[in-house]
Amino acid sequence: MDMKKFLLPDIGNYHDTPVIEILVNEGDMVEKDQSILTLESDKATMEIPAPVSGVIRNIQVKLQQKLNQGDHICDIETAMDAPVQAPAAKAEAPAPAARPAKAAAAAADDFMAAFMPSSKPAAAPAAAPAAPAAAAAEKPINAQASGATFHASPSVRAHARNLGVELRHVAGSGPKGRIQKEDVEAYIKAVMQGEKAAPKAPVTAGAGIPQVPVIDFSPFGPTEEKELSRIKKLSGKHLTACWLNIPHVTQFDECDITELEAFRASLKARAEKAGVKMTPLPFVMKAVVQALKEFPQFNASLNPSGERLILKGYYNIGVAVDTPNGLVVPVVRNVDRLGLFDLARELAAISQRARDGKLSPTDMSGGTFSISSLGGIGGTQFTPIVNAPEVAILGLSKARMAPVWNGSSFEPRLMMPFSVSYDHRVIDGAEGVRFTTRLGALLRDLREMLI
Ligand code: CAO
């Protein structure tokens, strides 16, 4: 037999941390890593595990006593001469910045806990069907819910998490309203028996967006923070607004541009003479305008009430340009009135201005439909984000030679994948696929534009 003094181990940057739970009694037999007591600061709840197996003797701490590293907790009588090495405290949900280094390196449970700061009930774990996460508007059942923290030990929190229960709905029966395991189970029982209403699912529109967890990555490896470019900050806000406000559908397709490519090659000498570089994009812009004329709901915007469509009688195509500082979408105006060489010239000019950071607000306004061409880079398909208040956008991917069945044999054809994302409030799926089918037909045979 050997009596070991159990001192509070390093719990990171915490001082005078109150004991909120003593989980053992003198004479209890404990296993190594079994929790002995729980500390709770305003930022974290930590279980302090036994460093060795043995019998608990001489408990030195009391509830609410404030502890620091090295404070005597109790003695542990061990059968063997096992050294009492203080293991890392198991912190549940510390605020990221204050996360104890040792705890951060701990098990996956702890990692998950970091996603659910206990000081932020709204970020509580995903809920089971009986108690879906939400209920932000519902009156809390738990008296503690009005405060920022729910008092519950990490094991109770884990238990609630496993059962999909949000602690803010649970009334605690322990000292100072502390939530016990039994309280979580009683809550589930009450919901199942209809004595308590399960929290209602949120009305998502306008109900706010759940926050992405804030994580301190430093415990996992080296990091570096870099300021986003001004353009990325601006386009990020716009893209987020478009993504959140528009119910997107993306229709994928591919078209045979073998003839288009032959025509483009035949224009090469003339284009050089005119001082322009002819890529497939001007052809696509012309075909898009034709398709927009045939499907005017794609060249439109919803009015602010969302109940009327504003159809536009002009064809200004925004073209996404990749610049060293980020994505910009300058607009080529009146594409219906421009020839292929004019379009190539205009494209070269605006993309140069974009890369030089010299676009004016006029260059960026008045678009009716956008094209994002990644065809010069690669990829097979992607899902572009509609550039609101427009209602549709075309994405172009890299054309490739492919064997295409012509009814009797395979022929090598140049096939270009493309996708159209659209606002499903304005455009139905059938209209979406009619548009892409027509666009494909126009690109396959440019003579279709004359009909
Ligand atoms: N399939 C195969 N090759 C293609 C192609 C396609 N769909 N589209 C262009 N190409 C070829 C061009 O013909 C050119 O080849 P050659 O020099 O041999 O003729 C080469 O790819 C490069 O073209 P380009 O990209 O310079 O010119 P472009 O007219 O096709 O595009 C512009 C102009 C401004 C759209 C483009 O430079 C650009 O910035 N693209 C990126 C857009 C972007 O970032 N979109 C994402 C937005 S969402 O984050």
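Remember, it's 1-based here, ligands and their atoms both numbered in the order they're listed.
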**OP:** Answer with side chain, backbone, both or neither: which part of Leu374 has a heavy atom less than 4.0 angstrom from an atom of ligand 1?
**Re:** side chain
Original post:
Quick one: does Asp363's side chain have a donor or acceptor within less than 3.5 Å of a partner on Pro330's backbone?
Top reply: no
Original post:
atom 44 (O) of ligand 1: which protein heavy atom is closest, and how many Å away?
Top reply: Asp322 CB, 3.4 Å
Subject >> Nearest neighbour of atom 27 (O) of ligand 1 from the list Thr279, Leu396, Asn387, on a heavy-atom basis >> reply: Thr279
Subject >> Shortest protein contact, atom 35 (C) of ligand 1 (heavy atom only) >> reply: Ala320 O, 3.5 Å
Original post:
Any N or O of Ser373 that comes nearer than 3.5 Å to an N or O of ligand 1?
Top reply: yes
**OP:** Look at the aromatic rings of Phe369 and Phe435 and report parallel, tilted or perpendicular, splitting at 30° and 60°.
**Re:** tilted
Subject >> Atom CZ of Arg444 with >12 non-hydrogen neighbours under 6.0 angstrom >> reply: no
**OP:** If you have a sec, work out which protein heavy atom is nearest atom 49 (O) of ligand 1 and how many Å separate them, to one decimal?
**Re:** Leu327 CD2, 3.8 Å
**OP:** Please write down residue, atom name and distance for the protein heavy atom closest to atom 33 (C) of ligand 1.
**Re:** Leu281 CD2, 4.0 Å
Original post:
Are any of the N/O atoms in Ala399 less than 3.5 Å from those in ligand 1?
Top reply: yes
**OP:** Might you confirm whether atom CZ of Arg425 has over 12 heavy atoms from other residues, nucleotides or ligands at distances under 6.0 Å?
**Re:** yes
Original post:
Out of curiosity, is Arg400 lining ligand 1, as in a heavy atom under 4.0 Å away?
Top reply: no
Original post:
Is the shortest distance from atom 1 (N) of ligand 1 to a protein heavy atom below 4.0 Å?
Top reply: yes
Original post:
Which residue supplies the protein heavy atom nearest to atom 3 (N) of ligand 1, what is that atom called, and how far is it?
Top reply: Gly375 O, 3.5 Å
Original post:
Can you check whether a protein heavy atom sits less than 4.0 angstrom from atom 18 (O) of ligand 1?
Top reply: no
Original post:
Does atom 8 (N) of ligand 1 have a protein heavy-atom neighbour under 4.0 Å away?
Top reply: yes
Original post:
So, are Glu272 and Lys277 salt-bridged, with charged N and O less than 4.0 Å apart?
Top reply: no
Subject >> Candidate with minimal heavy-atom separation from atom 32 (C) of ligand 1, of Lys277, Glu261, Arg355, Met415 >> reply: Arg355
Original post:
So with a 6.0 Å cut-off around NZ of Lys312, is the heavy-atom count from everything else above 12?
Top reply: yes
Subject >> ligand 1 versus Pro384: contacting region, heavy-atom distance under 4.0 Å >> reply: neither
**OP:** Indicate yes or no: does an N/O atom of Ser351 lie under 3.5 Å from an N/O atom of ligand 1?
**Re:** no
Original post:
Can you tell which part of Met278 has a heavy atom less than 4.0 Å from ligand 1: side chain, backbone, both or neither?
Top reply: neither
**OP:** Anything under 30° is parallel, anything over 60° is perpendicular, the rest tilted; go ahead and classify Trp243 against His248.
**Re:** tilted
Original post:
Are Ala344 and ligand 1 in contact, using a heavy-atom cut-off of under 4.0 Å?
Top reply: no
Original post:
Does the distance from a Lys or Arg side-chain N to an Asp or Glu carboxylate O, for Arg333 and Glu346, drop under 4.0 Å?
Top reply: no
Subject >> Positive for salt bridge (charged side-chain N to carboxylate O under 4.0 Å, His left out) with Glu259, one of Arg413, Arg447, Arg264 >> reply: Arg413
Subject >> Sidechain N-carboxylate O distance under 4.0 Å for Arg353, Asp356 >> reply: no
**OP:** Check each of Ser235, Ser370, Gly376, Ser372 against atom 10 (N) of ligand 1 and report the one with the nearest heavy atom.
**Re:** Gly376
